Engineer: 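Please find one structure pasted underneath; my questions will follow.
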Amino acid sequence: MSNPEATKPNVGGLQWPAGLSVAVLGPVIALVLACVFFATQSDHFLSGANFSLILQQVAVVGVIAIGQTLVILTGGIDLSCGMLMALGGIVMTRFATTLGLPPALAMACGVGVTALFGLVNGLLVTRIRLPSFIVTLGTMNIAFAATQLYSGAQTVTDLPPLMTALGDTFSIGSTQFAWGTVAMLALYAVAWFVLRETAAGRHVYAVGNNPEATRLVGIATQRVLLVVYVVAGALYGVASVLSVARTGVGDPNAGQTDNLDAITAVVLGGTSLFGGRGVIAGSLVGALVVGVFRNGLTLMGVSSIYQVLVTGVLVILAVTADQLSRRGAR
Amino acid sequence: MNTSAQPRLVMQAKALVKRYGSVTALDGSDFELRAGEILAVIGDNGAGKSSLIKALSGATTPDSGEIQLDGVVTRFRSPIEARRAGIETVYQDLAVAPAMTIAENLFLGREIRRPGWRGSVLRMLDKRRMIEESVARLAELKVGIRSMSQALETLSGGQRQCVAVARAAAFAKHVVIMDEPTAALGVKEGGMVLELIRRVRDRGLAVVLISHNMPHVFEVADRIHVARLGKRATVLDPKKINMSDTVAVMTGALRPEDLPADALAH
């Protein structure tokens with residue numbers, strides 16, 4: 001410090017924290033290991049068709065995980081994500097069929113409803129200062145009930161073609177890709193840009209790091225939080241567009257496993273549940289890990305209830321790793 | 001301090017009163033801060049020291065009395081308003097955002113955007129410029145931290161506090177208030193921060209230093225404001241009075257009137 005040698009700061013270090021490569025390394029290794037394991041267990045795992053299927057299946061959880069990452073970065077958690085996705089799907093399919101709205105408008109309404117739920121989450125967290133865990137536990141159940149009531153627990157079918165367009169596929173070589181996968185990747189690119197390159201994105205990290213100090217430097221932390229919850233809600237609506245497109249129906253029982261899957265994806269991806277640390281690309285890799293596990297276990301003939309069990313174990317392992325590494329860093 | 005000419009008052013408070021229920025925290029406290037000085041504020045617990053600082057930094061609004069900044073009466077309803085008026089406060093808790101980089105911490109809430117459409121349409125940050133300016137700011141204050149792109153939490157406590165002080169010095173127009181900036185630090189690190197506080201003063205800013213640490217106060221302060229019973233008991237000249245007499249005044253064992261006249265700061 002007082003050493004005159006040290007008073008010439010190194011301008012060579014002009015790079016912003018590389019972060020990305022290092023932070024994503026862990027989940028990438030997990031992904032590779034999972035792939036190697038399942039390749040030894042099933043002959044069908046290592047095929048273009050299977051990877052195409054995994055990517056299609058991952059699109060919904062992947063988009064939910066973007067919203068979940070934003071919330072977790074602020075130090076909160078959103079348990080309502082999967083149920084909001086289901087509600088958005090029912091709203092848009094019923095609006096398009098029963099009410100006969102134009103499909104584009106119906107989809108916008110679905111996204112609007114989930115964004116509105118996000119707004120309610122955000123207002124309760126910021127205005128009444130309730131813990132996000134409890135708020136979203138409440139809205140999760142409200143959204144579930146609303147989905148069942150509005151759909152009469154019936155699957156909505158006979159959708160207009162536009163609603164399933166994102167489920168269509170195109171070929172690169174012999175491998176099929178769904179437009180929904182492309183949409184997911186585009187959303188990740190946008191989220192990556194905003195979080196990394198804009199002040200708004202950096203403020204999300206700052207709020208998660210130290211809310212009080214962030215407020216004292218003059219950042220409207222409450223508004224940052226509110227925007228995060230609304231954007232997360234809207235993203236769950238986009239996820240329901242992808243889910244409806246892929247399955248071709250409005251399913252009142254959708255999203256049941258997506259909640260845990262999305263949170264697992266985010267935590268596996270290296271985002272800290274304590275807020276303020278993580279990279280969005282990690283959540284994409286985390287979603288792929290979850291997708292590979294589900295797919296691989298299915299190929300091995302493991303029943304779906306064991307898949308839920310494995311996901312539960314995965315999330316606890318990931319959180320444990322997070323906790324231990326934080327403790328080590330102190 | 002130049003005492004021959006009348007020094008310019010950067011900040012002044014008259015008869016501040018602040019009550020919390022039946023407790024009177026400030027009971028007509030006065031305050032004067034001169035341009036380019038380090039004014040230490042000392043006082044026992046409950047002397048009204050922190051209430052005074054809260055009023056000056058905008059964290060609370062006094063019930064009565066007035067605060068002048070550069071001769072203009074001001075009233076802060078929040079620390080953010082005080083900041084906008086050119087008063088920066090360094091709090092005890094070392095860091096703003098520990099997982100974020102030094103450059104990000106320095107510019108948090110005051111980010112610089114890229115020129116042209118990338119800044120205005122895409123709202124992209126000019127990271128390169130923020131890093132370059134951080135390098136320049138820290139070099140000006142001779143804070144020897146090599147890389148602006150390392151996370152704040154990778155620094156030692158003293159270095160973190162230096163970043164916090166540099167941040168305040170970079171953006172303060174008038175006053176930097178430091179609340180126990182050396183409290184959490186070891187001897188060497190504390191010395192490093194004190195040296196930095198002197199440099200901030202030498203750049204022309206007025207510094208208010210709140211500290212319990214008498215050796216630190218005597219090392220850097222130009223004048224010592226002694227708070228007692230919600231009032232300003234006196235202002236002392238650290239070159240003309242020793243530490244034990246100062247503590248005696250602070251605790252009330254010695255009355256300011258009983259001190260030799262030249263112990264009082266002019």
Side-chain angles (χ1 to χ4, degrees), chain A residues 1-19 22-23 73-75 190 193-221 223-224 270-272 274-279 325-326 328-330, chain B residues 59 78-81 83-84 89 91 93 95-101 103-105 107-114 118 122-125 127-128 130-132 134-136 138-139 141-154 156 158-159 162 164 167 188-189 191-193 195-196:
Chain A
M1 175 73 221
S2 50
N3 169 14
E5 294 287 329
T7 56
K8 280 186 188 160
N10 174 12
V11 193
L14 272 181
Q15 278 185 346
W16 217 248
V22 183
L73 278 177
T74 66
V190 171
F193 176 84
V194 171
L195 283 175
R196 198 179 147 88
E197 298 294 331
T198 73
R202 302 317 295 167
H203 292 174
V204 171
Y205 283 87
V207 167
N209 253 257
N210 193 342
E212 181 61 11
T214 305
R215 188 183 69 80
L216 286 173
V217 303
I219 292 169
T221 53
R223 208 179 60 201
V224 172
T271 297
S272 170
F274 305 99
R277 296 152 207 269
V279 284
S325 71
R326 297 286 162 253
R330 286 291 133 100
Chain B
S78 74
I80 292 158
E81 285 189 8
R83 244 168 233 278
R84 288 204 190 104
T89 307
Y91 298 94
D93 57 350
V96 178
M100 295 172 77
T101 69
E104 287 183 309
N105 270 280
F107 282 92
L108 194 62
R110 296 184 176 102
E111 291 85 356
I112 303 172
R113 282 202 223 134
R114 286 206 193 182
R118 282 185 294 195
L122 294 181
R123 312 201 139 238
M124 282 181 83
L125 294 172
K127 295 177 178 177
R128 193 187 177 89
M130 286 195 278
I131 288 175
E132 283 168 353
S134 303
V135 170
L138 292 191
L141 292 168
K142 297 188 167 60
V143 177
I145 295 172
R146 286 176 176 277
S147 167
M148 293 303 126
S149 48
Q150 54 184 313
L152 205 68
E153 63 197 352
T154 63
S156 72
Q159 286 178 317
C162 284
R167 180 194 150 83
K188 192 164 168 248
E189 301 248 287
M192 173 167 107
V193 172
E195 204 177 307
L196 179 60

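All values derive from a computational prediction rather than experimental measurement. In what follows, chains are A, B, ... by sequence order, proteins preceding strands, each numbered from 1. As a basis for the values below, the full set of heavy atoms in this structure was taken, side chains included, without hydrogen atoms, waters or symmetry mates.
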Engineer: Under 4.0 Å between a Lys/Arg side-chain N and an Asp/Glu carboxylate O for A:Arg202 and B:Glu104?
Structural biologist: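 Looking at A:Arg202 and B:Glu104, the cut-off is met.
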Engineer: Using 0.5 Å steps for rounding, measure from the CG atom of A:Asn210 to the CE atom of B:Met100.
Structural biologist: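 Answer rounded to 0.5 Å: 11.0 Å.
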Engineer: Do you know which of B:Arg167, B:Arg114, B:Arg113 has the most heavy-atom pairs with chain A at a distance under 4.5 angstrom?
Structural biologist: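 With the most close heavy-atom pairs to chain A, the winner is B:Arg167.
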Engineer: Could you tell me which portion of B:Arg84 (side chain, backbone, both or neither) has an atom closer than 4.5 angstrom to a non-hydrogen atom of chain A?
Structural biologist: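 Contact with chain A: none, neither part.
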Engineer: If I compare all heavy atoms of A:Val217 with all of B:Leu108, which pair ends up nearest, and what's the gap?
Structural biologist: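 Here A:Val217 and B:Leu108 meet closest at CG2-O, 4.0 Å.
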Engineer: Give the minimum heavy-atom separation between A:His203 and B:Gly109, together with the two atoms involved.
Structural biologist: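 Looking at all heavy atoms of both residues, the closest pair is NE2-N, 3.9 Å.
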Engineer: Can you tell me how far CZ of B:Arg83 sits from CG of A:Leu216, rounded to the nearest 0.5 angstrom?
Structural biologist: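 A:Leu216 CG to B:Arg83 CZ: 6.5 Å, rounded to 0.5 Å.
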Engineer: Sort B:Leu122 into side chain, backbone, both or neither according to what part of it lies under 4.5 angstrom from a heavy atom of chain A.
Structural biologist: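 For B:Leu122, the contact with chain A is made by backbone and side chain together.
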Engineer: Answer whether the closest heavy-atom distance between the side chains of A:Arg196 and B:Leu125 falls below 4.5 Å.
Structural biologist: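 They are not in contact (no side-chain heavy atoms under 4.5 Å apart), so the answer is no.
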Engineer: Answer with side chain, backbone, both or neither: which region of A:Ile219 has an atom nearer than 4.5 Å to a non-hydrogen atom of chain B?
Structural biologist: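 For A:Ile219, the side chain is the part near chain B, not the backbone.
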Engineer: Verify, without hydrogens or angle tests, whether B:Arg123 (side chain) and A:Val194 (backbone) share a donor-acceptor contact under 3.5 angstrom.
Structural biologist: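 No; judged by distance alone, with no hydrogens or angles, the pair does not exist.
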Engineer: Looking at A:Gly276 and B:Ala99, what are the two nearest heavy atoms and their distance?
Structural biologist: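 The pair with the smallest heavy-atom distance is O-CB, 4.0 Å.
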